[in-house]
Amino acid sequence: MSKEVLYVTRPSLPPAEELQPLIDSIWSSRFVTNGGPIHQRFSRALEEYLDVPHVTLVANATLGVMLGLKQLMGDEGGEVITPAFSFVATSHAAKWAGADLVFADIDARTLNIDPAEVERLITPRTKAILAVHCYGNACDAAALQDIADRHNIALIYDGAHCFAATDTGGSLLRHGDLSVVSFHATKVFSTLEGGAIISHDADTKQALDRLINYGIVNETTIDTTGFNAKMSEMHAAVGLAQLPHVAKDIERRSVLSKRYWEQLKDIPGLHCVCPWDDPGRNYYIFPILVGPGYPMSCSELYERLKEQKIFARRYFYPLLTQLPMYRDLPSADPAGLPRSMAAAEQVLCLPLYPDLAFEDQDRVLDAITEICVPRKDGQVA
Ligand code: T4K
C-alpha cells in the first residue's frame with residue numbers, strides 16, 4: 001500500500017461555515033482592505049487574546065520586521081546585531097530596512113541569540129538588536145533588555161514563531177521596543193499570509209499604522225517614506241474565524257510533542273530542542289539535533305525520511321552567514337559562529353500539526369528509531 005506524504009506542517013483552517021458570514025459582511029460592506037471593520041475587530045480580538053497593548057496588523061511578518069526596524073532606526077541606518085541562526089526573512093527584512101548586519105552566535109541550549117555575544121559585538125554604530133525567539137522558545141529577554149538600555153540602542157524581536165507563547169510574565173511578544181509575530185499558513189495561528197507588530201504605546205502604534213500605509217497621515221499629508229504592508233479584510237476574517245480554535249490546536253500539538261519527546265529523548269545522539277513540558281510553549285514545531293552519537297548524519301536522516309515520503313525540514317540550513325549576500329561580511333566568519341554552525345548542520349524539524357494522526361506520527365518515530373537497531377552483522381539499519 002502506498003504511504004501518504006507527510007509534510008512538516010499543514011495549515012490550520014477555520015471551518016468554512018464559520019468563515020462564510022464574515023465573507024458575506026465584507027461583500028456587503030464593500031470594504032475589502034485599508035483597515036475596514038473586520039480588520040478593526042480582529043486587531044482588538046488579538047490584543048485581548050495575546051494580552052498585549054497595541055497590535056498593528058501587517059501583510060506578513062517579513063514586512064513587519066522590516067518596517068518595525070525602520071521605525072526604530074529611522075532613515076540613517078546603522079548596525080543591527082542579529083542571530084546567524086534564523087530563517088532568511090529575519091536578515092533580509094533588516095537589510096531592506098537599511099541595516100548593516102552583524103551576525104551573533106547563539107546559545108547552544110536554546111538556539112537563541114547569546115547575550116554575551118551581542119555585548120561583544122556592540123560598536124558606536126550599533127543601532128539595534130534584532131533577536132529571534134527561535135521555535136517559540138524564549139530569548140534571555142532580561143539580559144538583552146539590559147544590554148539595550150545600557151548602550152541606548154533599540155531592541156526588536158522577530159517573534160514570528162511566538163503566537164500564544166508565554167513566559168512567567170505573560171506573552172513573549174511584550175518584550176523589547178517592538179515584537180513581530182507571523183500568521184503564515186505554516187504557523188500555530190494563521191491568516192494564510194499575515195502578521196502583527198506589537199507596540200507599547202499609542203503614539204508608536206499610530207506611527208506604525210501610518211508606516212504600513214505609505215506614510216499617509218491624511219488625504220493631503222504624507223510624512224514618512226512608508227510602504228504598503230496592510231492586511232486585507234479577507235485575511236483578517238480568516239484570523240477572526242480561526243482564533244476560537246487555536247487553543248485546542250495548541251493542546252493537540254502538545255500531545256503530539258509529548259509523544260515525540262518521550263520516544264526520542266533517550267536515543268543516543270538525538271537531542272530534542274524544545275522540552276514538551278515547558279508551560280509557556282505553543283508547540284509550533286518539533287526540532288531535533290542529530291549529533292555524532294546517532295548512526296547517521298542529519299542530512300542522511302533527512303534523505304532517509306524522504307524516501308519514506310516523510311518531508312521533515314532543515315530549519316534553518318544553510319546558515320544565514322553561508323548565503324551569497326552575507327558570507328563576505330566580517331561577522332560571517334564561521335570561526336566566530338561555532339554553535340550556529342553546529343545547529344544548522346544538525347537540526348531537523350519533524351512533522352507536527354494538529355491534524356497529524358498518531359499512526360502517521362508513528363511512521364516518523366519508527367523511521368528514526370529503526371535506524372538505531374543494530375543488524376545481525378553489527379551494522380545499523
Ligand atoms: N522570521 C522567522 C524566524 C520565520 O521563521 C519566518 C517565516 C519569518 C520571519 C517571516 O514570516 P512571514 O513573512 O512568512 O509571515 C516557511 C514559511 O513560508 C515561513 O513563513 C516560515 N518562517 C518558514 C520557517 O517556513 P518554506 O519555504 O519552508 O515553506 P513551504 O512552502 O516549503 O512549506 C512547508 C510545508 O508546509 C510544505 O512542505 C507543505 C506545508 N504547507 C505549506 C503551505 C504554504 C501546506 O500544507 N500548505 C501551505 O499552504 O517557508
Side-chain angles (χ1 to χ4, degrees), residues 4-13 56-69 80 82-97 101 103 106 110-113 130-139 156-163 165 172-173 176 178-198 212 227 229-232 235 238-239 242 249 273-274 282 284-287 302 305-306 309-320 323 340 343-344 347-356 360 364:
E4 255 188 65
V5 169
L6 291 183
Y7 296 104
V8 70
T9 190
R10 304 296 276 164
S12 296
L13 300 173
T56 295
L57 296 173
V58 284
N60 56 65
T62 309
L63 287 171
V65 173
M66 173 180 130
L67 294 171
L69 199 50
V80 172
T82 194
F85 185 75
S86 185
F87 189 58
V88 69
T90 311
S91 52
H92 279 7
K95 188 89 185 139
W96 276 93
L101 287 164
F103 289 105
I106 54 170
T110 62
L111 308 192
N112 284 326
I113 197 165
L130 167 56
V132 181
H133 298 291
C134 193
Y135 309 131
N137 286 337
C139 284
I156 177 169
Y157 282 96
D158 176 339
H161 304 171
C162 288
F163 189 89
L172 294 192
L173 297 167
L178 297 174
S179 285
V180 181
V181 61
S182 171
F183 305 149
H184 185 261
T186 54
K187 299 296 185 293
V188 166
F189 171 77
S190 163
T191 58
L192 313 182
E193 290 275 2
I197 313 175
I198 313 303
I212 65 152
F227 214 76
K230 289 166 280 140
M231 177 182 280
S232 81
H235 291 88
V238 173
Q242 181 58 15
D249 283 353
V273 177
C274 307
N282 63 6
Y284 156 55
I285 205 159
F286 200 91
Y302 166 83
L305 293 176
K306 220 158 128 183
K309 296 193 185 174
I310 299 167
F311 292 93
R313 292 295 286 269
R314 301 183 69 184
Y315 296 129
F316 303 103
Y317 172 88
L319 205 58
L320 296 177
L323 301 178
S340 303
V347 73
L348 193 62
C349 296
L350 305 180
L352 179 66
Y353 46 91
D355 294 338
L356 182 65
D360 287 331
V364 183

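All ligand and atom numbering here is 1-based and tracks the order in the structure. Since we're looking at a predicted model, the values are computed, not measured.
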Check ligand 1 against [X] and write out every atom of the ligand that is under 4.0 Å from a heavy-atom position of the residue.
X      : answer
Arg10  : 45 (C), 46 (O)
Thr90  : 1 (N), 3 (C)
Ser182 : 11 (O), 12 (P), 15 (O)
Tyr7   : 38 (O), 39 (C)

Option set Tyr284, Phe87, Phe316, criterion heavy-atom distance to atom 23 (C) of ligand 1, minimum | Phe87
Are the side chains of [X] and [Y] in touch, meaning some heavy atoms are under 4.5 Å apart?
X      : Y      : value
Gln242 : Ser190 : no
Ile198 : Tyr157 : no
Leu356 : Leu6   : yes

Short check: is a protein heavy atom less than 4.0 Å from atom 31 (O) of ligand 1?
-> no
Does ligand 1 have any atom sitting under 4.0 Å from a heavy atom of [X]?
X      : answer
Gly194 : yes
Lys187 : yes
Ser86  : yes

For [atom], the protein heavy atom that lies nearest, with its residue and separation:
atom                    : value
atom 45 (C) of ligand 1 : Pro11 CD, 3.5 Å
atom 5 (O) of ligand 1  : His161 NE2, 2.7 Å
atom 49 (O) of ligand 1 : Ala185 CB, 4.0 Å
atom 40 (C) of ligand 1 : Thr9 O, 3.1 Å
atom 33 (O) of ligand 1 : Thr186 CG2, 4.0 Å
atom 29 (O) of ligand 1 : Tyr315 OH, 4.0 Å
atom 18 (O) of ligand 1 : His184 CE1, 3.1 Å
atom 13 (O) of ligand 1 : Thr62 OG1, 2.5 Å

Please work out whether the ring planes of [X] and [Y] are parallel, tilted or perpendicular, with thresholds of 30° and 60°.
X      : Y      : answer
Phe316 : Phe85  : perpendicular
Tyr7   : Phe311 : parallel
Tyr315 : Phe87  : perpendicular

Backbone or side chain, does any N or O of Ala89 fall under 3.5 Å from an N or O of ligand 1?
-> no
Does any N/O atom on Arg313 come nearer than 3.5 Å to any N/O atom on ligand 1?
-> yes
Please walk me through it: do Lys309 and Glu4 pass side-chain contact (heavy atoms from CB on, under 4.5 Å)?
-> CA-CA 7 Å; Lys309 296 193 185 174; Glu4 255 188 65; over 6 Å; no
Partner of Leu130 by side-chain contact (heavy atoms from CB on, under 4.5 Å), out of Thr82, Val180, Leu101 | Thr82
If you compare all heavy atoms of [X] against all heavy atoms of [Y], which two are closest, and at what distance to 0.1 Å?
X      : Y      : result
Cys349 : Tyr135 : SG-CE2, 4.3 Å
Ala138 : Leu172 : CB-CD2, 3.7 Å
Leu319 : Ser340 : CD1-O, 3.5 Å

Residues Phe163, Lys187; criterion side-chain contact (heavy atoms from CB on, under 4.5 Å); working and verdict | CA-CA 8 Å; Phe163 189 89; Lys187 299 296 185 293; over 6 Å; no
